[in-house]
Amino acid sequence: MKKFNFKIILQLMGILLLFNGGFMLISGLVSWYFDDGAIKGILLAGGVTVIIGLILRFITKGFEKKIKKREGYLVVTLGWITMSLSGALPYMFTGAIPSFTDAFFETMSGYTTTGASIMNNIEIMPQSILFWRSTTHWIGGMGIIVLAIAILPLLGIGGMQMFAAEAPGPSADKLHPRITDTAKRLWFLYFGLTLTEAILLKFAGMGYFDAINHAMSTLSTGGFSTKNASVAHWNDQPLIQYIIIFFMFVAGTNFVLSYYAVKGDFTKYRKNEEFRYYFASIIVITVMVTLAIYFYASVSIDPTDIQVIAHPQIFGPFESAFRHALFQVLAVITTTGFVSADFTIWTPFLSVMFFIMMFLGASAGSTAGGVKFMRHIIMVKNGFLEFKRSLHPNGIVPVRYSGKPVTRGIVFNIMAFFILYLIIFAIGSLVFSFMGIDFMTSVGAAASSLGNVGPAFGDLSPVNNYASLPPFGKWWSALLMLFGRLELFTVLIIFTPYFWRNN
């Protein structure tokens, strides 16, 4: 068996637990402020987490601080599992979610920014528990940014080496050659965008507590809401929804581009091929969905109904159709999972379209899940170039991305990722169906869990939640969330025999 430096792995797990416990204590302050009766359970959860973290730090003193590639895979995977296991404690210790299976599912859904929930009545939960749910999103979202930009390119995961052109490195157009400094700058950007959205939502008419929670869920592309009807609760306040729409778009954009935009350099958007396709796809799909809603879908005038499609008493039916179309297109493509309407009842054509969108994902280097536009672009380009290669078998015809040639190794890596993604989706659907779950719910659960989307189809549509899944179904869904969030290879490689060999 390969000799691993388990001390550094345990040391890093201890740091993560201390970090996680600190945020639990912040949720304890929220409980104290609102006097919601959950403070003892949350402080106990935070205390236990911090103590375990300190113990791990103490017993691993004097470790060799050099981390190798194989340890990197373990740290990433075990880190997410450790955070999810400890993150379930506030739910259990407060009695908000007494079942460990349900608590772990809710926590994994939070850290992977999936947004799938087993809570049947969100609004009766203590404010501190709702804040903790949003916090798991926020922590997980930033973790994904650092993972995608600073770590995965170094591990060579799923074609993320393409990110080397925009992430850390020694050249002048990179953020910074040191991963720690890159992470620090992205944290400041992430925090600043979250604070900005919260302030805008407050001025638009949302309560400050709801504004903070929805800002954390939006920037992380998570989808946890403080209302049972999600963002449909504010269907009679279009400005609130347009603010969330804008920040969903930003959260689905490569954060490196947003970093340069904050510094005043907007040319990166124009030069980035993935962003151009991302932006154009949203426009084209939104136009199609808007027209389909406006001309073919029924109209509900109840602004608090999650099944609302158009609300003519605000700005007219066309504006409402456009707003709900744009909102739901962005919510699914960016895998945010917020709901302003039940897109599964619009038309069969739109149901199929939204199912396909679950496999898109937004930009690489964003908090969104899914396959990512970058991979789709390279796969499609390579597919078309195969015709040219057939006519000119001796010619060298490279795939070009953002004006630069892509190595065959990266192309093969991306194709392997996509094939594995489809295989895991198929297996995931079969496992759900084996539990006696109907076809639409099975394929919807697999696509949504693997893509970290949240709402699905069938019994898991936007008007329902995941509470109806059997216990094993919740564990299986949580595993798919982890696979999708960590770019497949990061988790799967640990189960291969050659990962543990000496050579």
Side-chain angles (χ1 to χ4, degrees), residues 76 112-114 140-141 143-153 155-167 186 219-222 248-258 268-269 272-282 285 329-337 355-383 399 401-402 404 406 410-425 447-454 480-492:
V76 171
T112 58
T113 71
T114 303
I144 287 302
I145 291 297
V146 175
L147 184 71
I149 294 178
I151 299 175
L152 290 186
L155 299 180
I157 294 298
M160 295 303 285
Q161 309 95 300
M162 285 296 299
F163 234 31
E166 312 223 6
L186 292 173
L219 266 300
S220 63
T221 63
M248 280 195 293
F249 176 79
V250 171
T253 302
N254 182 335
F255 264 65
V256 175
L257 301 182
S258 299
K268 298 287 185 180
Y269 286 118
N272 186 272
E273 186 172 2
E274 182 181 42
F275 178 79
R276 295 199 300 269
Y277 277 99
Y278 168 59
F279 183 73
S281 298
I282 290 171
I285 297 173
V329 167
L330 272 168
V332 174
I333 286 181
T334 65
T335 70
T336 305
F355 179 75
I356 293 172
M357 281 191 282
M358 288 185 175
F359 292 85
L360 290 180
S363 304
S366 71
T367 54
V371 177
K372 306 293 190 307
F373 271 86
M374 177 195 72
R375 293 192 179 99
H376 288 294
I377 293 168
I378 293 175
M379 285 191 296
V380 171
K381 283 188 172 185
N382 185 66
V399 178
Y401 176 77
S402 289
K404 300 176 182 178
V406 181
I410 291 178
V411 173
F412 291 152
N413 198 311
I414 289 173
M415 292 173 66
F417 174 91
F418 189 68
I419 291 170
L420 275 174
Y421 195 95
L422 293 181
I423 290 173
I424 293 174
F425 162 70
S448 180
S449 298
L450 190 58
N452 307 123
V453 178
L480 292 178
M481 292 177 198
L482 185 66
F483 281 163
R485 185 74 280 181
L486 299 186
E487 304 284 342
L488 302 186
F489 293 143
T490 317
V491 183
L492 293 176

Report task. Taking atom CE of Met379 as the centre, report whether more than 12 heavy atoms of other residues, nucleotides or ligands fall under 6.0 Å from it. Result ->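 It does: Met379 CE has more than 12 such atoms within range.
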Let me confirm one number: the [atom1]-[atom2] distance from [X] to [Y], rounded to the nearest 0.5 Å.
X: Ile282; Y: Leu330; atom1: CD1; atom2: CG; value: 4.5 Å
X: Leu360; Y: Ile285; atom1: CG; atom2: CD1; value: 6.0 Å
X: Leu422; Y: Leu450; atom1: CG; atom2: CG; value: 9.0 Å
X: Phe418; Y: Leu488; atom1: CZ; atom2: CG; value: 11.5 Å

**Report entry** Criterion side-chain contact (heavy atoms from CB on, under 4.5 Å) on Phe355 and Ser448, from CA distance to verdict
**Finding:** CA-CA 9 Å; Phe355 179 75; Ser448 180; over 6 Å; no
Query raised in the report: Do Ser449 side-chain atoms and Met481 backbone N/O form a donor-acceptor pair below 3.5 Å?
Result: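 Answer holds: no.
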Report task. Taking His376 for its side chain and Phe359 for its backbone only, find out whether a donor-acceptor pair lies under 3.5 Å. Result ->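 Yes; judged by distance alone, with no hydrogens or angles, the pair exists.
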So do the side chains of [X] and [Y] get within less than 4.5 Å of each other, counting heavy atoms only?
X: Tyr401; Y: Ile410; result: no
X: Ile333; Y: Tyr278; result: yes
X: Thr334; Y: Ser366; result: no

**Report entry** Cationic N near anionic O, under 4.0 Å, Glu487 to Lys372
**Finding:**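 A salt bridge is present here (some side-chain N lies under 4.0 Å from a carboxylate O).
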Could you tell me which non-hydrogen atom of [X] sits nearest to which non-hydrogen atom of [Y], and how far apart they are?
X: Phe373; Y: Ser281; answer: CE2-OG, 3.3 Å
X: Ala364; Y: Glu274; answer: N-OE2, 2.9 Å
X: Tyr421; Y: Gly370; answer: OH-CA, 4.0 Å
X: Gly141; Y: Thr113; answer: N-CG2, 3.6 Å
X: Gly252; Y: Ala362; answer: O-CB, 3.1 Å

Query - Any residue meeting ring-ring contact (aromatic ring centres under 6.0 Å, His included) with Tyr277, in chain and number order, not counting sequence neighbours - result: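 Listed in chain order: nothing, the list is empty.
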Query - Partners passing ring-ring contact (aromatic ring centres under 6.0 Å, His included) against Phe279 (at least two apart in sequence or in another chain) - result: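 Result, ring-ring contact (aromatic ring centres under 6.0 Å, His included) vs Phe279: Phe249.
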Report task. With sequence neighbours left out, write down each residue that passes side-chain contact (heavy atoms from CB on, under 4.5 Å) with Thr335, or none if nothing qualifies. Result ->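 side-chain contact (heavy atoms from CB on, under 4.5 Å) list for Thr335, sorted by chain: Thr221, Ala368, Val453.
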Query - Set of side-chain contact (heavy atoms from CB on, under 4.5 Å) partners for Val399, sequence neighbours left out - result: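 By the side-chain contact (heavy atoms from CB on, under 4.5 Å) rule, Val399 matches Ile378, Lys381, Asn382, Leu385, Arg389, Val406, Val411.
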Query raised in the report: Among all residues two or more places apart in sequence or in another chain, which pass the side-chain hydrogen bond (donor to acceptor under 3.5 Å, both in side chains) test with Thr114?
Result: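 Scan of Thr114 (side-chain hydrogen bond (donor to acceptor under 3.5 Å, both in side chains), adjacent residues dropped) gives Thr112, Asn452.
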Query raised in the report: Residues two or more places apart in sequence or in another chain: which of them pass side-chain hydrogen bond (donor to acceptor under 3.5 Å, both in side chains) with Ser220?
Result: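 By the side-chain hydrogen bond (donor to acceptor under 3.5 Å, both in side chains) rule, Ser220 matches no residue at all.
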